Each structure stands twice: as C-alpha cells, then as structure tokens.
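First the structure, in the form of structure tokens, and then the observations on it.
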Amino acid sequence: MAETKREIERKYEAAAGTDVPDLTRVRDVATVADEGVVELDAVYHDTPDLRLAADSITLRRRTGGSDAGWHLKFPVAVGVRDEIRAPLSDTLPPDLAALLRSRVRGGEVVPVVRLRSARDVRRLLDADGGLLAELSVDTVRARRLPKGPRASWTEIEVEAADDADPGILDAVEKQLRKAGVRPSDAPSKLARALAETAPEDHGPDDHPDAPPPAAPGTAGAAVLAYVREQAEAIVALDPAVRRDLPDAVHQLRVACRRLRSALKTYRSVLDRNATDPLGDELKWLAGELGVARDQEVLAERLRGRLTDMPRPLRLGPVKARLRIWDTARTKDARRKAVAALDSDRYLAFLDRLDALLADPPLREAAGRDAAKVLARAVRKDHARLAARVDRALSLAPGHERDLALHEARKAAKRTRYAADAARPTLGKPAKKFSKRVKKVQSLLGEHQDAVVARATLRDLAVQAHAAGETAFTWGLLYGREEAAADAAERELPEVWARAVAL
C-alpha cells in the first residue's frame, strides 16, 4: 500500500567540493551527525510529452538509500510537496497509476530521465538528539533517456524532519548564505535535468505558440480563460479526491458546477451545440460526486445538532445509530465517486474538454468587448434568479414552496458563478454583486439543508422505532430543523431585497 509523507525542503547551488559551514551555529542545532555517502539511482517517468513535469509532478523509481521504491510527488506550495510512496516493483503500482489518470488518460508513462546521485548526508540534531533536519550534498549525474544528452551538477538539499518546526529551514539558510551558498533556480532535480538535457534541436522557436483563439479584451478571451481555469482545477483535484483529502470532493464538485454554469451563462460566446453535451457530462459528474459531498454535509449537520442538544434529551443510542448510518452511507458514496473517476466516460469527457479549449466554438459575440457581453450575461442570470425568488415567495409554505426555493437556490448559485467569472473583467462591481448573491444562496442553502435533514431524521426515527428504541430525540431534532427552515423563509425577503439592485 502507498504511504504519504509531507516533504518540506529547499535546494541550493553548490560547486564541486563545496564546504558545508558549521551548522552547530544554527539555532537549536546541538550536533551534526555525519551519515556518510549513499548512492542513489532514480529513473523518472512521464508521458512522452512531459505532462507531469508541466504540472510540477514527479514520478520516479529509485533504488539505494533507506526509501527505495516508487515515489510520486505533488506540489502543495513553494518548497512543499506530498510524496506518496509505494514498494519497489518492476512496473508502476496501480495505486500510483490511478492518481495520474486525469493527466495520463489512456496513454502511458515512460522513462524520461535517469539520475545517479552520490548523497553525502548530515543529520541536524537538537540537544536531546531529536532530528531537526537533514542536509545532503548531492553530486548528480543526469541522462536523458533512452540515449540522450548528459548533465552533471552539485547541489545542497535541506529537508525539515517530519515533526520539526519548518522554521529550521530559515535558520539553516541564513548560515548557508553567510557561506556564500545561494538558492537553486530549479525547483527540483528533475526540472533541472530536463532543462539541461533538452535535445539541441528543441527550443522555444522550434514550436511557436499558436495564436490565441480570441483577442485580448474580448468576451471570447475572458470566457475561455475562466473555462480553462475550471478545467485545470478538475484535472488537479482528481488525485486529491482519490487520496480522500479534506474538502477535495467538495472542491471538485464546485469546479464542475462553475464550469457547467459558465457554459450555460455564456452561450452567446460559446456555441451551445458544442458546449451542451459537455454540460450534460458535467451534470453527471457533479451528481456522482454529490452523493459523497451531500452525505458529508448532512452527517456533519446532524452530529452538530446532537452535540448541541442537552444530554437529558438524548434518549436511546442516538449517537451510535447516527454513526452506523453515516459509516455505511459514506463508504458507498466514496465508492461511487471513485468509480466515476475510473470510468471511460470520465476520460472521454476530459478529452472532449481539451478539444473544446484547443479549438473553441466561438460565436459572433466572442469578438466583442468583454465588459459589455459579460455584464449583459450576468444581468440575464440575475433576472432568472429574481423570477424564481418571486415565485417561491408567492407560494404558501409547504412542499411546493420548498421545491421552488431549491430552484431559486440553484439560480442564485449560477448567478454568483457568472459574476465570479466576470470579476477579472468587471472588477469590484462584480465582486460586490457576487457577495450579495452569495448571501441569498447561503440562506437558501440553509433552508434546503433543513429540508433534507428533516427527511433523514424521519427515516432514522422510523428505524429506531422498528428496533424498539425511543424516537423521542429524532422527533425533537426534526422540530428544530423545521424551525430552521421557517426562520430561513422569514429572513429571505430582507436578504433578497439587499441583493436585488444591480
């Protein structure tokens, strides 16, 4: 099974034979233990067109050292990466291959660079012998595969220990700079190797960039920039969902919804004959992900309601029943989400999205001034929202009104996303408008969450009763959710009034 390690490190330029300064002068470093030299042999893999490197992702199979095996690294922030490790094997482990699926698609990864390093390791220890950081002087020999150019260099790498204060890196860097050592321009060994072993006939002039599909300042350029941003988010969040990282499902679902909303809102810019099929696929994907996200939100809400309830009112094994209900549904929901990401349908959707961005189906409005076209589209979405809110408020409380308020919520979300897409063009007015609509959306979301919670609480009460347990607590919670929905309905006219004016 793969394991994950958070890697916080910095790299520095060094000449062959560079002397490492006295690191016991670094704050909190009491001793420096010389661990000797270890020989490392790493083969880095990528697609033939280097898609992983383009996203600052590295995949290697390394022998030598204490952590031989497959290593897959995802960037988190500058100098911070998550390293996912799998045992040494001849072929890429399935767990790691799945994390690359949104980028590799139906292709394959192949060896692209081989790095052989002589690593001279020093461990920086505190007064109690605890590890603060590890510093190594790496003498690197690189070769482009299969039989390409070679390169060599020496660098210093400093990595914070797992439980150490990352501030140790600042202190070490201060000492290194005093000795004339400077940070490396390359973010990783692979990046440097690819740059220094690039074939001689490869250069920026050999493959000039294609002209942009829409001129700067036009509606086409603005909309395509937003569409590309959401498309890249979908690809980037795929492995986070597979790794079950916090909020990953939610963020991926939001990217799907933002993209689908943009394709609907800006139909005057992009031909709907090409975008509507993509919208259908986005609806499907968001729906598959929504099972997991909706369960997460609902379970958190019900746990909070139970925690807030006075203990004398929590009768029967209510917490245990809620936990059992959540565990079963969460497992099924996650399985459903990952199955969608593993499907051929999903890969076909990603390819079609790439094709749309490569050759966008621009309409006449795409060549017009971005501010005018985008503002008109936002106003149109706002008018749709107004009609739905007015209809919902005209209905008597009950099931029909609940449904109408849910439709208004979806319209509010689309209107807000439209404004967010227009923010780079329209600036502060779009930002302020988005905030006002978000308040409407949040209030309508609270109402919908209460409606959904009521239905679940009724089911839990029925199950409790059938098992011979009291349904008293579930009934109380049902009443509180009913009160929450009523409060949201009473507040809506005032919140809506503040968001009406454009």
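Below, all heavy atoms of this structure are taken into account, side chains as well, without hydrogens, waters or symmetry copies. It should be emphasised that the depicted structure is a prediction, and the values quoted were computed from it without experimental measurement.
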- Query: Any donor-acceptor pair under 3.5 Å linking the side chain of Arg81 with the backbone of Ile8?
  - Reply: no
- Query: Given the rule in the salt bridge (charged side-chain N to carboxylate O under 4.0 Å, His left out) test, do Glu9 and Lys11 qualify, once you have shown the distances and angles that lead to the verdict?
  - Reply: CA-CA 7 Å; Glu9 66 179 18; Lys11 296 181 182 294; 3.5 Å; yes
- Message: Applying side chain to side chain contact (heavy atoms under 4.5 Å, CB included) to Leu444 and Val440, what does each step give before you reach the verdict?
- Response: CA-CA 6 Å; Leu444 292 170; Val440 177; 3.8 Å; yes
- Note on the structure: Nearest heavy-atom approach of Leu385 to Ala408 is CD1-O, 3.5 Å
- Note on the structure: Here the pair of heavy atoms bringing Arg414 nearest to Thr265 is NE-OG1, 3.4 Å
- Message: Closer than 4.0 angstrom, basic N to acidic O: yes or no for Arg301 and Glu446?
- Response: yes
- Message: Distance check, rounded to the nearest 0.5 Å: Leu315 atom CG versus Thr473 atom OG1?
- Response: 4.5 Å
- Task: Could you check if a side-chain atom of Leu194 sits within less than 4.5 angstrom of a side-chain atom of Tyr44, using non-hydrogen atoms only?
- Result: no
- Take Tyr417 and Asp381 through the test side chain to side chain donor-acceptor pair (under 3.5 Å) and record every step on the way to the result. CA-CA 10 Å; Tyr417 290 163; Asp381 276 355; over 6 Å; no
- Lys/Arg-Asp/Glu bridge criterion (N-O < 4.0 Å) met for Arg10, Glu157: no
- Message: On a heavy-atom basis, which atom in Ala488 and which in Leu443 lie closest, and how many Å separate them?
- Response: O-CD2, 3.7 Å
- Message: Between Arg260 and Asp276, does any NZ, NE, NH1 or NH2 come within less than 4.0 Å of an OD or OE carboxylate oxygen?
- Response: no
- Residue pair Ile234 / Leu282, side-chain heavy-atom distance below 4.5 Å: yes
- Message: Do Asp247 and Arg293 have side chains that approach each other closer than 4.5 Å (heavy atoms only, starting at C-beta)?
- Response: yes
Between side-chain atoms of residues 303-313 and protein atoms elsewhere (two or more places apart, or another chain), which donor-acceptor pairs fall under 3.5 Å?
residue: Arg303; atom: NH1; partner: Asp326; partner atom: OD2; Å: 3.1
residue: Arg305; atom: NE; partner: Glu481; partner atom: OE2; Å: 3.0
residue: Thr307; atom: OG1; partner: Arg303; partner atom: O; Å: 2.9

- Item | Side chains of Arg61 and Leu88 in contact at under 4.5 Å (non-hydrogen atoms) | yes
- Message: The test is salt bridge (charged side-chain N to carboxylate O under 4.0 Å, His left out); show your working for Arg454 and Asp402 and say whether it passes.
- Response: CA-CA 12 Å; Arg454 286 205 312 258; Asp402 290 344; 3.5 Å; yes
- Task: Report the C-alpha separation of Arg409 and Gln448 in whole Å, then their side-chain angles, then the decisive distance to 0.1 Å, and conclude whether the side chain to side chain donor-acceptor pair (under 3.5 Å) test is met.
- Result: CA-CA 8 Å; Arg409 178 198 182 192; Gln448 177 64 14; 5.6 Å; no
- Task: Rounded to the nearest 0.5 Å, what's the gap from CZ on Arg388 to OG1 on Thr415? Could you check?
- Result: 9.0 Å
- Whether Arg334 side chain and Val241 backbone form a donor-acceptor pair below 3.5 Å: yes
- Item | Donor-acceptor pair, side chain of Ser394 and main chain of Arg391, under 3.5 angstrom | yes
- Task: Cation-pi check, Arg85 to Trp70: give yes when NZ or CZ is under 6.0 Å from the six-membered ring centre and within 45° of the ring axis, no otherwise.
- Result: no
- Item | Interatomic spacing from SG in Cys256 to CD in Gln251 - rounded to 0.5 Å | 11.5 Å
- Query: Does the side chain of Trp284 reach to within under 4.5 Å of the side chain of Phe349, using non-hydrogen atoms?
  - Reply: no
- Test His447 against Glu489 for side chain to side chain donor-acceptor pair (under 3.5 Å), laying out the working first. CA-CA 7 Å; His447 179 272; Glu489 290 185 38; 2.9 Å; yes
- Would you check if the side chain of His71 reaches a backbone N or O of Asp67 as a donor-acceptor pair within less than 3.5 Å? yes
- Query: Measuring from Leu252:CG to Leu341:CG, what's the distance to the nearest 0.5 Å?
  - Reply: 6.5 Å
- Item | Evaluation steps, side chain to side chain contact (heavy atoms under 4.5 Å, CB included), between Arg314 and Lys319 | CA-CA 9 Å; Arg314 298 201 297 264; Lys319 285 191 174 181; 4.1 Å; yes
- Note on the structure: Between the OG atom in Ser442 and the NZ atom in Lys438, the distance rounded to the nearest 0.5 Å is 6.0 Å
- Query: Glu83 pairs by side chain to side chain donor-acceptor pair (under 3.5 Å) with which of Arg6, Lys73, Lys5?
  - Reply: Lys73
- Report yes or no: does Tyr266 contribute a side-chain atom to a donor-acceptor pair with the main-chain N or O of Ala418 at less than 3.5 Å? yes
- Note on the structure: Sorted by chain and residue number, the ring pair (Phe, Tyr, Trp, His ring centres under 6.0 Å) partners of Trp325 (sequence neighbours excluded) come out as none
Just list the side-chain donor-acceptor pairs under 3.5 Å for residues 419-427, sequence neighbours left out, or say none.
residue: Asp420; atom: OD1; partner: Ser434; partner atom: OG; Å: 2.7
residue: Asp420; atom: OD2; partner: Arg258; partner atom: NH1; Å: 3.1
residue: Asp420; atom: OD2; partner: Arg258; partner atom: NH2; Å: 3.3

- Query: Is a donor on one side and an acceptor on the other found under 3.5 Å between the side chain of Asp82 and the backbone of Pro75?
  - Reply: no
- Look up atom CG in Leu237 and atom CG in Leu245, then write down how far apart they are to the nearest 0.5 Å. 9.5 Å
- Ion pair Glu281/Arg345, N-O distance below 4.0 Å: yes
- Query: Nearest heavy-atom pair of Asp55 and Arg103: which atoms, and what distance?
  - Reply: OD2-NE, 2.8 Å
- Ignoring hydrogens and angles, tell me if any N or O in the side chain of Arg401 forms a donor-acceptor pair with the backbone of Ala392 under 3.5 Å. yes
- Option among Arg242, Lys336, Arg335 that satisfies the salt bridge (charged side-chain N to carboxylate O under 4.0 Å, His left out) test with Asp342: Arg242
- Query: With side chains defined as the heavy atoms from C-beta onward, is the minimum distance between Thr58 and Leu52 less than 4.5 Å?
  - Reply: no
- Message: Check this for me: does any side-chain nitrogen of one of Glu494 and Arg498 sit under 4.0 Å from a carboxylate oxygen of the other?
- Response: yes
- Message: Name the residue from Val223, Thr218, Val269 that meets the side chain to side chain contact (heavy atoms under 4.5 Å, CB included) definition with Val373.
- Response: Val269
- Over 12 non-hydrogen atoms of neighbours within 6.0 angstrom of CG in Asp163: no
- Looking only at non-hydrogen atoms, find the nearest pair between Pro239 and Leu99 and report the distance. CB-O, 3.4 Å
- With a 4.5 Å heavy-atom cut-off, do Arg243 and Ile84 have their side chains touching? yes
- Note on the structure: Looking only at heavy atoms, the pair that brings Ser102 and Arg105 closest together is O-NE, 2.6 Å
- Item | Flag, side chain of Asp165 to backbone of Ile168, donor-acceptor distance under 3.5 Å | no
- Applying side chain to side chain contact (heavy atoms under 4.5 Å, CB included), run through Val110 and Thr47 and close with a yes or a no. CA-CA 6 Å; Val110 297; Thr47 60; over 6 Å; no
- Does some side-chain heavy atom of His382 sit less than 4.5 Å from a side-chain heavy atom of Phe433? yes
